Each structure stands twice: as structure tokens, then as C-alpha cells.
Amino acid sequence: MRMTLLRLAGAATAGLVAAAALTTAAHSAEAADTLGSAAAGQGRSFGAAVAANHLDEAGYTATLNREFTSATPENEMKWDATEPTRGTFTFAAADQVVNHARGQGMDVRGHTLVWHSQLPPWVGGLGAADLRTAMNDHINRVMGHYKGRIHSWDVVNEAFQDGGSGARRSSPFQDKLGDGFIEEAFRTARAADPAAKLCYNDYNTDGVNAKSTAVYRMVQDFRSRGVPIDCVGFQGHFNGNSPVPADFQANLQRFADLGVDVQITELDIEGSGTAQADSYARVVTACLAVDRCTGITVWGVTDRYSWRSAGTPLLFDGDYRAKPAYGAVLTALGGDGGGDPGDGTASCTATYTRTADWNGGYNGQVTITAGSEPIGSWSTTVTFPSPQRVQAAWNATTTWDGGGSVMTARPSWNGPLAAGASTSFGFTVTKNGSDAAPAVGACTAS
Ligand code: XIL
């Protein structure tokens with residue numbers, strides 16, 4: 001049992017809302033289950049985008065190694081990283097990710113060879129004939145360097161326009177080489193590393209819509225003419241404006257029915273708590289329902305380093321604690337139903353907020369949230385700075401210690417919580433001259 005106490009900082013200003021969360025976990029002897037092992041049990045991989053510059057951080061690497069069976073270099077294989085100057089190839093950062101991943105027995109997704117973004121300026125300056133040569137050289141050199149070590153390559157990324165046009169996106173490749181650049185890139189890629197699966201990857205193609213239908217027609221055409229393509233990647237960047245579509249599974253299935261594998265390649269879902277967890281579970285369930293959905297990759301290990309960090313879209317928080325979404329994914333993968341990752345535990349967090357404030361007193365509220373498995377009961381302490389006094393408390397059974405300054409709160413009626421679910425209790429405090437915030441202790445779940 002691990003117990004810590006956090007003194008809330010920065011709440012000295014009247015009316016300021018302070019919040020802090022703490023977790024504690026009761027360890028059990030249950031067999032560990034992880035995203036990677038649960039996905040493997042379903043014949044799938046579970047990957048993460050990996051940034052080379054975080055590999056020296058212990059928590060990052062421990063989480064990556066424990067949970068994931070596939071890695072996608074987040075930026076290190078992009079054209080600006082691998083060929084910043086024509087003909088000069090730099091593989092050091094990508095090598096770090098590939099070597100780490102393969103050293104851990106992970107698959108590697110190569111991302112990405114031909115894309116309009118993160119493209120060094122020199123590429124856009126070339127004329128058509130030169131650009132064709134440069135594109136094929138780039139594919140040959142980068143794929144050649146990693147030959148035999150890449151499970152799947154995103155050969156072409158994001159070549160279609162958003163919206164209802166179904167048109168190709170303007171890019172140096174599209175504008176100078178025309179529609180045929182995609183086919184040419186795939187043919188070059190097949191010859192460069194015949195063992196790698198070759199994918200087309202895009203976003204806003206997750207549901208059935210004009211853009212995904214345009215991609216669908218291209219894949220259908222490639223399949224009918226024998227242009228080498230093995231897989232389609234669906235990025236899966238979701239948020240309030242772009243939620244997981246109702247026809248996500250149907251869309252994956254129609255592509256799979258063309259005879260290609262489908263993969264969720266860059267999954268992240270902005271949000272928190274049960275809403276986020278439910279969306280994650282839907283994505284996993286949809287993938288598992290499609291035989292040819294061979295893997296899911298989340299776009300990062302921790303919210304802290306997510307490209308959309310403010311939206312907290314990933315499975316681990318900034319301190320590598322599993323979020324409710326983690327438990328939902330593990331459960332959907334048929335894992336052991338959660339607990340803290342790797343050790344099968346019940347857990348909860350306690351978060352403090354000042355909900356009202358006046359001259360002589362304030363109201364405080366503590367929200368208890370179950371971790372990634374259901375809990376039967378919880379308890380936490382709240383320590384009030386002297387000479388504050390608690391006048392009343394509600395929605396919890398309280399006992400006192402420490403000369404009347406440490407309140408232990410346990411459920412009155414609201415003990416059992418589903419994974420990720422919350423309950424709150426509150427109190428009214430007389431300040432007696434002290435405006436400091438109380439310290440919420442670790443939440444203990446059973
Ligand atoms: C993003 C990275 O996460 C960021 O670090 C970088 O600044 C921009 O690119 N679609 C893709 C990914 O295919 O390569 C992008 O990754 C996210 C959108």
C-alpha cells in the first residue's frame with residue numbers, strides 16, 4: 001500500500017479553485033494483464049506513437065515497454081527528419097525508436113514516406129521530373145535502411161482533401177505528378193521492401209463519408225489493377241467536434257472486404273472520465289468485430305506529451321497513471337478488467353475543489369473517482385489547516401483525528417462505483433482567519 005499526502009498549493013486566494021488528484025493502489029497477486037498481451041490474445045497488436053527524445057525518461061519507457069507491442073516513430077521518419085537536404089539521409093532519431101522497439105520485441109509501423117506535411121522546402125522547389133526521381137529515391141533509401149524491420153509502412157499519408165469533394169489534396173506530388181503519384185509510390189515501395197505491408201493512411205476517413213469513399217474507390221481500383229496495397233490506416237483523431245462515428249465498424253468492414261487489412265493508426269480521443277472511456281471502448285470493439293482489423297495504435301504514451309495535450313486524449317495521464325479509458329480498453333480487449341496497469345488493483349482518485357467562498361468561511365468538495373476497475377468502497381483524509389473548523393459535512397461518514405484537524409471520510413451510501421465513475425462529498429468550513437486550502441490525502445479503494 002502506497003500512501004502520500006499532498007499539500008494543495010496556490011489556493012490562498014479567496015475564491016480560487018484548487019484541484020489535485022492522488023491515487024493509491026492496493027496490490028494484489030493477480031496475474032498482470034496489459035494492453036499488449038490482451039490485444040495479442042485477440043490476435044491484434046496494440047501500439048503507441050513513440051518520440052525518441054522521451055526514451056531516456058524512466059516512466060515513459062517503463063509504460064511503453066510494459067503495455068505496447070508496436071511502436072510508430074511520431075516524427076522521426078518523416079521526410080524533414082530523414083532527408084532534410086536532398087540526398088543527405090539522417091536516421092539517428094528514427095534508429096533510436098526502431099532499435100528500442102525491436103529490442104523489446106515490438107513491431108514497428110513506418111510513418112511516413114510521401115506526405116504534404118513536414119516536408120523539407122527543397123522538395124516543393126523541384127520540377128516534375130526531378131520530383132519523381134526524388135520521391136522514388138526517398139522511398140528507396142528510407143525503406144532500404146529499415147528493410148526487413150518494418151511491419152507496415154504508411155507509404156502515402158493524407159492525400160485526400162477534407163470535406164465533400166472527394167478530391168485529392170493539393171501538394172507538390174499531386175500538383176506536379178498528378179493522381180498517379182500514389183500508385184507510383186506504392187509500386188516503388190513494394191520493390192524496396194517486399195516484406196513490409198504497404199498502407200494508405202488518412203484522417204476523417206473513419207466513418208462512411210465523401211472522403212473515405214474517395215479513398216475506398218482508390219483502394220478498389222488498386223486492388224482491381226494489381227497495384228500493391230496491403231492495408232489502410234484510419235488515424236482516429238477524435239474530439240467533441242469529430243466523435244467516433246456510428247458507422248465506424250461498417251466503414252472498416254467495407255475496406256476489409258476489398259481484401260486489405262485495416263489498422264487504427266493514430267488513435268486519440270479528447271475528453272476524460274467515462275465519456276472518454278466509452279468512446280475508446282467503442283473503437284476497440286469495432287476493430288475486434290472486423291477480422292482484418294489487425295492493430296490499434298494510440299498517438300502517444302502519455303497525455304503530457306500528446307500533440308493535443310490540452311485535450312488529455314490518451315490512456316495514461318501525465319504521471320503515467322492509467323485513466324478510466326485504459327480500463328475500458330483493457331476490458332474491451334478481454335483483459336482482466338483493469339486495476340492499475342500491470343498489477344490488477346482497485347484504485348481511486350480524490351480531487352478537491354472550493355465550491356463557495358465568503359468572508360468567514362468556504363465550502364469544499366472532494367470528488368472520488370474509481371480507477372480502471374469497479375470499487376466496493378473508498379476512503380480519504382482531508383487535513384484542515386489550523387485554526388479552521390469544519391461546521392458540517394455531507395455525503396460522507398466522517399471521523400476525526402489529529403486534534404480535530406484530520407477528517408477521514410468514508411461512504412455513507414455511495415461506496416460502490418463502476419470503473420471511472422465518480423461521487424462527491426462536501427463540507428462547510430469556518431476560516432477563523434486562515435484562507436488556506438485543506439490537504440486531500442490519498443484515496444484508498446477496496
Ligand atoms: C503530428 C505529431 O504528433 C506532432 O508531434 C507533429 O508536430 C505534427 O505531426 N497525422 C499524422 C501524424 O499522420 O504524423 C501527425 O503527427 C498527426 C496527424
Side-chain angles (χ1 to χ4, degrees), residues 47-55 57 60 64 68 70-84 90 93-94 96-98 101 108-121 123 138-139 142-143 146 150-163 168-174 182 185-186 189 197-207 211-212 215 229 231-239 241-242 244 262-270 283 295-316 318:
V50 174
N53 61 321
H54 299 311
L55 285 173
E57 189 184 318
Y60 184 92
L64 171 67
F68 297 98
S70 174
T72 306
E74 185 171 356
N75 289 299
E76 293 79 351
M77 284 182 174
K78 293 171 182 175
W79 197 315
D80 61 355
T82 50
E83 195 185 3
T90 48
Q96 261 186 278
V97 177
V98 172
V108 179
R109 294 196 81 264
H111 177 80
T112 178
L113 295 164
V114 183
W115 187 27
H116 67 276
S117 187
Q118 293 176 269
L119 195 59
V123 180
H138 184 76
I139 294 170
V142 177
M143 286 186 77
Y146 293 107
I150 305 295
H151 180 279
S152 301
W153 265 108
D154 291 332
V155 177
V156 176
N157 195 34
E158 301 182 353
F160 285 79
Q161 247 171 47
D162 269 344
R168 307 290 165 100
R169 175 199 294 273
S170 167
S171 72
F173 309 106
Q174 181 66 37
I182 304 181
F186 275 86
K197 289 193 181 294
L198 307 182
C199 307
Y200 176 79
N201 191 54
D202 214 327
Y203 69 97
N204 283 352
T205 49
D206 311 289
K211 186 175 178 181
S212 66
V215 176
I229 183 166
C231 37
V232 176
F234 299 84
Q235 292 186 7
H237 295 295
F238 298 117
N239 55 40
N241 295 324
S242 173
V244 181
V262 294
Q263 305 172 354
I264 319 300
T265 52
E266 304 183 14
L267 180 62
D268 53 13
I269 308 179
E270 295 184 36
V283 171
I296 298 174
T297 292
V298 290
W299 204 239
V301 175
T302 161
D303 283 342
R304 183 189 295 253
Y305 302 133
S306 162
W307 73 313
R308 291 179 170 173
S309 188
T312 60
L314 294 172
L315 301 176
F316 293 92

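Just so we're clear, the structure is a prediction, and the values are computed from it rather than from any experiment. Both counts, for ligands and for their atoms, begin at 1 and track the order of listing.
With a 4.5 Å cut-off on side-chain heavy atoms, F160 and R168 count as touching. Contact check for H237 versus E266: side-chain heavy atoms found under the 4.5 Å cut-off.
If you check which protein heavy atom lies closest to atom 5 (O) of ligand 1, you get N75 ND2, 2.9 Å. Of all protein heavy atoms, the one lying nearest to atom 8 (C) of ligand 1 is Q118 OE1, 3.4 Å. Counting only heavy atoms of the protein, atom 2 (C) of ligand 1 lies nearest to E74 OE2, 3.4 Å.
Polar contact check, W307 against ligand 1: no nitrogen or oxygen pair lies under 3.5 Å apart. Geometrically, ligand 1 and K78 share a nitrogen or oxygen pair separated by less than 3.5 Å.
Under 4.0 angstrom from ligand 1, the non-hydrogen atoms of N157 all belong to its side chain. With a 4.0 Å heavy-atom cut-off, ligand 1 is reached by no atom of T112.
Near W115, meaning under 4.0 Å from one of its heavy atoms, ligand 1 places the atoms 14 (O). Within the listing of ligand 1, atoms 10 (N), 11 (C), 13 (O), 18 (C) sit less than 4.0 angstrom from a heavy atom of E158. Less than 4.0 angstrom separates some heavy atom of Q235 from each of these atoms of ligand 1: 10 (N), 11 (C), 13 (O), 18 (C). Close contacts between ligand 1 and E266 involve ligand atoms 10 (N), 11 (C), 12 (C), 13 (O), 17 (C), 18 (C) [criterion: under 4.0 Å to a heavy atom].
Between L198 atom CG and I150 atom CD1 the span is 12.0 Å, to the nearest 0.5 Å. The line from CG of D154 to CD of Q263 is 7.5 Å long, rounded to the nearest 0.5 Å.
The two residues M77 and G110 come nearest to each other via the heavy atoms SD-CA, 3.7 Å. Shown here for E158 and R169, the closest heavy-atom pair between the two residues is O-NE, 3.0 Å. Across S212 and G207, no two heavy atoms sit closer than the pair OG-O, 2.7 Å.
No heavy atom of Y203 sits closer than 4.0 Å to any atom of ligand 1.
Between the side chain of K211 and the backbone N or O of Y203 there is at least one donor-acceptor pair closer than 3.5 Å.
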